[in-house]
Amino acid sequence: MDIQDERRRLLDAEGGDEESPSGLRSEQDAYLDKVKNGKLYLATFVSVLGPLSFGFVLGYSSPAIPELTNIPDPRLRLNDTQASWFGSIVTVGAAAGGLLGGWMVEKIGRKLSLMFCSLPFVFGFTVIVAAQNVWMLYLGRVLTGLASGVTSLVVPLYISEMAHERVRGTMGSCVQLMVVLGIMGAYLAGLFLDWRWLAICCSIPPTLLMVCMCFMPETPRFLLSQGKRREAEEVLRFLRGPDAPVEWECARIEDACDEQGARFQMSDLKDPGVYKPLVIGIMLMFFQQLTGINAIMFYAETIFEQANVNNSDLASVIVGLTQVVFTAVAALIMDKAGRKVLLSISGVAMAISTAVFGVYFQLSAQHHSNASVSSQALALQTTQVPHTDLAWLALASMGLFISGFALGWGPIPWLLMSEVFPIKVRGFASAVCVLTNWGNAFIITKTFQDLMNLITSAGTFWLFSGMCALNVVFTIAFVPETKGKTLEQIQAGFRGTPAL
């Protein structure tokens, strides 16, 4: 093909001393050897201020709810039901934000979508700071949830469309790393700040995001999808450095865009290159929430109080630190170990830990039942009362769960969502996945306490354990390995056609 000859000529012109590549894989290696990653790292760092803001939103409820349930002002005091809504209503906003984000990335691009999503973050926390009643607290949480939903869709797309295959896994994993850093930051700040000052603190990252994104580029794939080749080459030259023959990468992306067509139509859902990755993306988001992670994180302090762990505030900070450490480990090894291996290890670890947590609550209930058999009144209260002697088991299982989740099922579903979809359906398909994720997050966080009352704490965690076992089976059977492949090669694999 003439275009292949042109690509080889471009590479040879940039590095005449190198051995002439004999195939696409050799071309990729020769090209990537000339790439400089400094500006890519900078753009990634700026964009992940969005997930950092998102993490502060998720972590905010854990220190704020105990304060708001005991606040002297009756207009702001939350009862148990209101506290449950305060924790979970953010996911309603996030589900709506996913739909909005899917529309925005196609209409105004990835960069502007990311800039605009900082506004509801700031407005939402401002409403919380100025709150005079419970409904203002709810509104602030919905607005920050809306921004979180847009962020959870846009940032993975932005990074995956800028990063090359050698570092895409690491860069994509930074999304979840910054989320857990935000959660831990909210826990730490909550030890020293009241709920209003904490909200002010949480508004700082989105403000920085808005300012810094002004100096960052749009993604080259979006520009090429809009027919702006010159601008796309300039962005690639900014991201790849002056030595890389960016015309080669630009031509490769442009060919893929031309083959896939310009616009998404509902009839495209019959295409295996569309429906296969869409089903995988939806199931990944479904299983991620059915591990029980958001229920556990939203109510981390409550779980530790049930486990009779002294100083539950500090325990939550330790949980956050564990997430940060193991998410960082996942980011470092993502492009070496691969996505499937880490997902499988993660699922096994979570299945074991939630099963052990169920055993802990079961043993605790039995211990209490044996100790109170002489009292009929106490015997009626044996369902959910853990015993201090078994607190180490709760800590161990929680630590294993958090570390396991952070290694795989935390970062990888979002990473794969940004890798597997063709560019023309990326907005629509990502919106469906985000809606699935946050819709399930709302259902689980809202019903978590009711579920524990219905089937006991032990039964709830055993249910989560069964879901974790199922996600391991799903991973092995259906999830493709995307390590070391370009986005175009991944999508060609679903279509069953040769990679460009």
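Around the CZ atom of Phe116, the shell of radius 6.0 Å holds no more than 12 heavy atoms that belong to other residues, nucleotides or ligands. Within a 6.0 Å sphere centred on CG of Asp80, other residues, nucleotides and ligands contribute 12 heavy atoms or fewer.
In this structure, Phe56 CZ and Tyr187 OH are separated by 12.0 Å, a value rounded to the nearest 0.5 Å. Atoms CZ and NZ, on Arg168 and Lys483 in that order, are 12.5 Å from each other to the nearest 0.5 Å. The distance from the OG atom of Ser465 to the CG atom of Leu463 is 9.0 Å, given to the nearest 0.5 Å. Between the CE atom of Met467 and the CG atom of Leu290 there is a distance of 6.0 Å, given to the nearest 0.5 Å. Within the model, atoms CZ of Phe405 and OG of Ser346 stand 7.5 Å from one another, a figure rounded to the nearest 0.5 Å. Between the CG atom in Leu78 and the CG atom in Asn70 there is a gap of 10.0 Å [rounded to 0.5 Å].
Among all heavy-atom pairs drawn from Ser118 and Leu209, the shortest one is CB-CD2, 4.1 Å. Minimum heavy-atom separation, Pro217 to Tyr158: O-OH, 2.6 Å. Across every non-hydrogen atom of Leu188 and Phe192, the tightest pair is O-CD1, 3.2 Å. Nearest approach of Ser88 to Phe442, heavy atoms of both residues: O-CD1, 3.6 Å. In terms of heavy-atom proximity, Cys468 sits nearest to Met350 at SG-CB, 3.6 Å. When every heavy atom of Cys433 is checked against every heavy atom of Gly281, the shortest pair comes out as SG-C, 3.5 Å.
Without hydrogens or angle criteria, Gln288 side chain to Gly410 main chain gives a donor-acceptor distance under 3.5 Å. No donor-acceptor pair closer than 3.5 Å links the side chain of Ser62 to the backbone N or O of Gly59. Using a distance-only test at 3.5 Å, with no hydrogens or angles considered, a donor-acceptor pair links the side chain of Ser152 to the main chain of Gly149. Side-chain N or O atoms of Ser47 include one that pairs as donor or acceptor with a backbone N or O of Thr44 at under 3.5 Å. Panel note: side chain Glu67, backbone Ala64; no donor-acceptor pair is recorded below 3.5 Å. Looking only at distances, no side-chain donor or acceptor of Gln362 sits under 3.5 Å from a matching main-chain atom of Gly358. Glu481 contributes a side-chain N or O that, together with a main-chain N or O of Arg339, makes up a donor-acceptor pair within less than 3.5 Å. Remark: the backbone N or O of Val324 is not paired with any side-chain donor or acceptor of Thr327 at under 3.5 angstrom. Formation of a donor-acceptor pair under 3.5 Å by the Ser397 side chain with backbone atoms of Thr354 is not found in this model. No side-chain donor-acceptor contact under 3.5 Å links Lys485 to the backbone of Glu165.
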Under the side-chain contact (heavy atoms from CB on, under 4.5 Å) rule, what do Arg141 and Ser61 come out as? Steps first, then yes or no, please.
CA-CA 9 Å; Arg141 290 289 282 171; Ser61 62; 3.5 Å; yes
Given side-chain contact (heavy atoms from CB on, under 4.5 Å), test Arg110 with Arg426 step by step and report yes or no.
CA-CA 11 Å; Arg110 284 59 162 156; Arg426 207 162 278 165; 4.1 Å; yes
Would you check, one step at a time, whether the test side-chain contact (heavy atoms from CB on, under 4.5 Å) holds for Thr219 with Phe222?
CA-CA 6 Å; Thr219 71; Phe222 177 77; 3.3 Å; yes
Val92 vs Val142, test: side-chain contact (heavy atoms from CB on, under 4.5 Å). Steps then yes/no.
CA-CA 7 Å; Val92 177; Val142 169; 5.7 Å; no
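Aromatic rings from Trp409 and Phe474 are positioned such that their centres are separated by 6.0 Å or more.
Under the 4.5 Å side-chain criterion, counting only non-hydrogen atoms from C-beta, Val235 is not in contact with Met162. Put simply, the side chain of Met334 reaches to within 4.5 Å of the side chain of Ile412, judged on heavy atoms. Annotation: side chain of Val105 is not in contact with side chain of Val150 (no heavy-atom distance under 4.5 Å). Side-chain contact between Phe361 and Thr456 is absent, with no heavy atoms from C-beta onward closer than 4.5 Å. For the pair Ser344/Ile476, a side-chain contact is recorded, criterion being any heavy-atom separation below 4.5 Å from C-beta on. Residues Met398 and Ser353 have side chains not in contact (no heavy-atom distance under 4.5 Å, counting atoms from C-beta outward). Contact of the Gln176 side chain with the Pro51 side chain is not registered, since no non-hydrogen atoms from C-beta on lie closer than 4.5 Å. No side-chain heavy atom of Met136 sits less than 4.5 Å from a side-chain heavy atom of Leu76.
Tested against Phe461 for a ring pair (Phe, Tyr, Trp, His ring centres under 6.0 Å), the candidates Tyr360, Phe401, Phe357 yield a single pass: Phe357. For the pairing with Gln289, the side-chain hydrogen bond (donor to acceptor under 3.5 Å, both in side chains) check across Asn437, Thr436, Asn440, Thr91 returns one residue only, Asn437.
Looking at Glu419 and Thr482, their side chains do bring a donor and an acceptor atom within 3.5 Å of each other.
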Identify all side-chain donor-acceptor contacts of residues 120-132 below 3.5 Å with residues at least two apart in sequence or on another chain.
{"from": "Thr126", "atom 1": "OG1", "to": "Val122", "atom 2": "O", "distance (Å)": "2.7"}
{"from": "Gln132", "atom 1": "NE2", "to": "Ala130", "atom 2": "O", "distance (Å)": "3.2"}

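Applying the ring-ring contact (aromatic ring centres under 6.0 Å, His included) rule to Tyr138 yields the partners Trp135; only residues at least two apart in sequence or on another chain are considered.
The pair Arg75-Asp73 meets the salt-bridge criterion, with a side-chain N (NZ, NE, NH1 or NH2) lying under 4.0 Å from an Asp/Glu carboxylate O.
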